[in-house]
K.L.:
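Just passing along the structure, written as structure tokens.
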Amino acid sequence: ENARNLLKTFPKPDPHKLEEKTRETTSIVIVRHPLGRLSSTYFNKFNQNSFKFQIGWKRMNDLVIKKYRDNNSTEEEIMTPDEYIRFVTDAVNYKNGWTNKHWRPQYLQCPFCSMDFTIYARFEDLHEDTLYFLLASNLTSRLDIHLMKNQNHNGKSAAYFWSRVKIQSIRNVLRAYTNDLQMFQYSADQYFRDINLQVDHDL
């Protein structure tokens, strides 16, 4: 419902006039910590319930297990967090970032350098940033400010996820997302502190 209201309020502009339209409107772009994006995608897409409705995720899961699982290391039917991170890292590096949109680096998905957005919001502070955007654009009467997708993914599940990823895999994935981390001023150390996970190695 929110998406339909936004499209009615801000119809898709002509690509050739996009920069001009951006300057004329109150615009917002939302970014998220790369590590938070990855753990959230894992829990949302790679589970038995998702497999029932989207066979593509099941096929991808099976291919990852076949390629990245050490013989007899586990009998889990779903790829482990470490297997997933190794797969994503290779996918990002191999295709220079142009991979599945759920883990494609954010700097490749939106023209941050060519467009001057009014508000640069972080997913982690989304409630406050969204409220500011709605007030600035006079949309408070049209959109539900309490609605947010994927609210169930929390720090506890993120901590569980990253506790099962090997330290070398974490280092590798951080290198793959260097541009996102630097452009949006995110810190791996701060992220792990926020989810209450102790990492006993230098990243």
K.L.:
Looking only at heavy atoms, which two atoms of Glu83 and Ile65 are closest? And how far apart?
P.N.:
OE1-CG1, 4.2 Å

K.L.:
At their closest point, which heavy atom of Ser39 faces which heavy atom of Tyr191, and how far apart are they?
P.N.:
OG-OH, 3.7 Å

K.L.:
Any side-chain heavy-atom pair from Arg122 and Ile30 closer than 4.5 angstrom?
P.N.:
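No, their side chains stay 4.5 Å or more apart.
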
K.L.:
From Ile55 CD1 over to Met60 CE, what is the distance, rounded to the nearest 0.5 angstrom?
P.N.:
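Reported value, rounded in 0.5 Å steps: 12.0 Å.
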
K.L.:
Out of curiosity, Asn61 CG to Phe46 CZ, how far, rounded to the nearest 0.5 Å?
P.N.:
6.5 Å

K.L.:
For a 4.5 angstrom cut-off between non-hydrogen side-chain atoms, does Pro105 reach Val92?
P.N.:
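Contact flag for Pro105/Val92 side chains = yes.
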
K.L.:
Say you draw a straight line from CD of Gln106 to CZ of Arg104; how long is it, rounded to the nearest 0.5 Å?
P.N.:
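Answer for the CD-CZ pair, Gln106 versus Arg104, is 11.5 Å.
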
K.L.:
Parallel, tilted or perpendicular: which describes the rings of Phe161 and Tyr84, with under 30° parallel and over 60° perpendicular?
P.N.:
perpendicular

K.L.:
Please state whether the rings of Tyr160 and Phe43 are parallel, tilted or perpendicular, taking 30° and 60° as the class boundaries.
P.N.:
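Aromatic pair Tyr160/Phe43 classed tilted.
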
K.L.:
Could you tell me if the side chain of Ile170 sits less than 4.5 Å from the side chain of Phe192, heavy atoms only?
P.N.:
yes

K.L.:
Which residues satisfy the salt bridge (charged side-chain N to carboxylate O under 4.0 Å, His left out) test with Arg175, sequence neighbours excluded?
P.N.:
none

K.L.:
Any side-chain heavy atom of Tyr186 within less than 4.5 Å of one from Asp180?
P.N.:
no

K.L.:
Is any side-chain heavy atom of Leu174 closer than 4.5 Å to a side-chain heavy atom of Leu35?
P.N.:
yes

K.L.:
A side-chain contact here means heavy atoms from C-beta on lying under 4.5 Å apart; do Gln48 and Glu77 qualify?
P.N.:
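Answer yes - side chains close enough.
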
K.L.:
Compute both the distance and the angle, then confirm whether Arg37 meets the cation-pi test with Phe123: under 6.0 Å from the six-membered ring centre, within 45 degrees of the axis.
P.N.:
no

K.L.:
Distance from Trp162 atom CH2 to Arg164 atom CZ, nearest 0.5 Å?
P.N.:
13.0 Å

K.L.:
Check whether the ring centres of Phe51 and Trp57 lie less than 6.0 Å apart, and answer yes or no.
P.N.:
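No - the distance between ring centres of Phe51 and Trp57 does not fall below the 6.0 Å cut-off.
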
K.L.:
Can we call the ring centroids of Phe87 and Trp103 under 6.0 Å apart?
P.N.:
yes

K.L.:
Taking only residues two or more places apart in sequence or in another chain, which ones pass side chain to side chain contact (heavy atoms under 4.5 Å, CB included) with Ser187?
P.N.:
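Testing Ser187 for side chain to side chain contact (heavy atoms under 4.5 Å, CB included), a comparison that skips the adjacent residues, returns Asp189, Gln190.
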
K.L.:
Please name the pair of heavy atoms, one in His102 and one in Thr41, separated by the smallest distance, quoted to 0.1 Å.
P.N.:
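Here His102 and Thr41 meet closest at O-OG1, 3.5 Å.
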
K.L.:
When you compare the side chain of Met79 with that of Tyr42, does any pair of heavy atoms fall below 4.5 Å?
P.N.:
yes

K.L.:
Treating Ile, Leu, Val, Met, Phe, Trp and Tyr as nodes and any side-chain heavy-atom pair under 4.5 angstrom as an edge, say whether Leu63 and Ile85 lie in one connected cluster.
P.N.:
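No: no chain of side-chain contacts under 4.5 Å links Leu63 to Ile85.
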
K.L.:
Show your working on side chain to side chain contact (heavy atoms under 4.5 Å, CB included) between Thr89 and Ser169 and close with a plain yes or no.
P.N.:
CA-CA 8 Å; Thr89 302; Ser169 298; over 6 Å; no

K.L.:
Quick one: OG1 on Thr80 to CG on Asp82, what's the gap to the nearest 0.5 Å?
P.N.:
5.5 Å

K.L.:
Provide the closest heavy-atom pair for Ala91 versus Thr99 in the form atom of the first, atom of the second, distance.
P.N.:
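For Ala91 versus Thr99, the nearest heavy atoms are CB-OG1, 3.6 Å.
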
K.L.:
Within a 6.0 Å radius of atom CG on Asp202, are there more than 12 heavy atoms belonging to other residues, nucleotides or ligands?
P.N.:
no

K.L.:
What I'd like to find out is whether the side chain of Asn172 reaches to under 4.5 Å of the side chain of Arg86, using heavy atoms alone.
P.N.:
no

K.L.:
Return each pair, listed once, that meets salt bridge (charged side-chain N to carboxylate O under 4.0 Å, His left out) where at least one residue sits in residues 41-60; pairs must be two or more places apart or across chains.
P.N.:
Lys58-Asp62

K.L.:
Nearest 0.5 Å, please: how far is CZ in Phe184 from NE2 in His33?
P.N.:
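If we round to the nearest 0.5 Å, His33:NE2 and Phe184:CZ are 12.0 Å apart.
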
